[in-house]
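So the structure is just underneath, and the comments pick up after that.
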Amino acid sequence: MSRSLRYALLLSVPLSLAVAAIVLLRAGSLGAADQDYVVRFDMPSADAPVGLPRIDGPPDASRPLVVIDPGHGGFDPGAGQGALKEKTVALQVALALRRQLLDAGGLRVALTRDTDRFIALSDRPDMARRLGADLFVSIHADSAPEEGARGASVYILSEKGSSEAATRFAARENGADLVNGVRLSPRNAGVNAILLDLAQRGAQAGSAQAASLMLRELGDAKLGLHRERPEAAALAVLKALDIPSLLFETGYINNPADAQVLGSRQGQEALAGAAARAIRAYFARTTGL
């Protein structure tokens, strides 16, 4: 090491100490607020309800409200066949259905999602309940391991699933909830049981009627049916206790013939058209609209 380099190093030590002392003195003169660089914010609760979508249609709360639920979304693609994904088919049919219902007038419509985003299963019927929906329609595209399975199906909540939903509903918040707009009493379990039973029976009857009309319209449109009668299952997305609800399986995405319908704009419009006619027929029977 050269003599000049050794001198430079010796001089740098006291200079470094002086700089450090100045920095420490300045830090000590700062107030507590000046030293707090942590950004604090409240995280949403895990059980906080998801935000509600907008309602389109007449600005009249007395008009029936249809909540359309495109299945899956976001990181959950659902069933698929090549580039054709269930989440995309469900959204495209749902958007077409909303447009056709609004174009005909008289009904209000909301979508649980109108973009490619994920929504938890339990949040979907909950959104419909909080909006005060008169009908909830969840749209999907099935997939089957067996060859030859094709055609649309319509599901409603099974008796077992309905009983499970009623049990959970009655236990939640000690009855501090609404059924058909009537607030349950925390002091009268007998009255609450009657209200729950009536709501459950009314919703099931409405679900069955809407499902039958949906199958009728699909059959008349020659779109192909997997089953000619509504099927019952304990599906989580249908467990809105006091709202008529159905799940519309638009076809089998892994069937070449169904995939051709599901992946085309013409096929999606036809499926939406059958669903729109069924929904309008349902409200014509139940409300006279």
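Worth saying up front: this structure is predicted, and the values here are computed from it rather than measured. Residue numbers count from 1 along this sequence.
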Quick one: does any side-chain atom of Thr287 pair with a main-chain N or O of Ala284 as donor and acceptor, under 3.5 Å? no

Can you measure from CG (Leu213) to OH (Tyr282) and round to the nearest 0.5 angstrom? 9.5 Å

Does any N or O in the side chain of Asp134 come within less than 3.5 Å of the main-chain N or O of Leu65, such that one atom is a donor and the other an acceptor? yes

Where do Ile156 and Ser207 come nearest, in terms of heavy atoms and distance? CG2-O, 3.6 Å

Using every non-hydrogen atom in the two residues, find where Ala211 and Leu246 come nearest and quote the distance to one decimal. N-CD2, 3.7 Å

Do the side chains of Ile253 and Val261 join up, straight or via other hydrophobic residues, at under 4.5 Å, putting them in one cluster? yes

Quick check: is Val66 connected to Phe136 through a chain of hydrophobic side chains (ILVMFWY, heavy atoms under 4.5 Å apart)? no

Report yes or no: does Asn255 contribute a side-chain atom to a donor-acceptor pair with the main-chain N or O of Ala149 at less than 3.5 Å? yes

Please tell me if the side chains of Leu95 and Leu111 come closer than 4.5 Å, counting only heavy atoms from C-beta onward. yes

Quick check on the hydrophobic clustering: are Ile55 and Leu97 connected, directly or via other members, by side-chain heavy-atom contacts under 4.5 Å? no

Donor-acceptor contact present, side-chain Ser62 to main-chain Asp60, <3.5 Å: no

Residue pairs meeting side chain to side chain donor-acceptor pair (under 3.5 Å), one or both in residues 77-97, sequence neighbours left out, come to His72-Glu86, Glu86-His140, Lys87-Asp116

Value rounded to 0.5 Å, distance of CZ in Arg108 from CG in Leu102: 11.5 Å

Cluster overlap Ile243 with Val67, hydrophobic side-chain contacts below 4.5 Å: yes

How long is the straight-line distance from CZ of Arg130 back to CG of Leu52, given to the nearest 0.5 Å? 4.0 Å

Of all the heavy-atom pairs spanning Ser138 and Asp69, show the shortest one and how long it is. OG-OD2, 2.7 Å

Rounded distance [0.5 Å steps], CD in Gln268 versus CG in Leu91: 9.5 Å

So, does Arg124 use its side chain to make a donor-acceptor pair with the main chain of Thr112 at under 3.5 Å? no

Could you grab the distance from atom CG of Asp126 to atom CG of Leu121, nearest 0.5 Å is fine? 12.5 Å

Where Ala79 and Ser143 come nearest, the two heavy atoms and their spacing: CB-CB, 3.6 Å

Student check: side-chain heavy atoms of Leu107 and Arg63 closer than 4.5 Å: no

Between Leu262 and Phe248, is there shared hydrophobic-cluster membership here, with clusters defined by ILVMFWY side-chain heavy atoms closer than 4.5 Å? yes

Nearest non-hydrogen partners of Arg113 and Gly71, listed with the distance: NH2-O, 2.9 Å

How close do Ala275 and Met214 get, counting heavy atoms only, and between which atoms? CA-SD, 3.4 Å

Donor-acceptor contact below 3.5 Å, side chain Gln204 vs main chain Leu157: yes

dist Glu249:CD -> Asp258:CG (nearest 0.5 Å) comes out at 11.0 Å

Throw together a table of side-chain donor-acceptor distances under 3.5 angstrom for residues 215-236, partners on residues two or more places apart or in other chains.
from	atom 1	to	atom 2	distance (Å)
Glu217	OE1	Arg277	NE	3.1
His226	ND1	Arg150	O	3.2
His226	NE2	Tyr252	OH	3.1

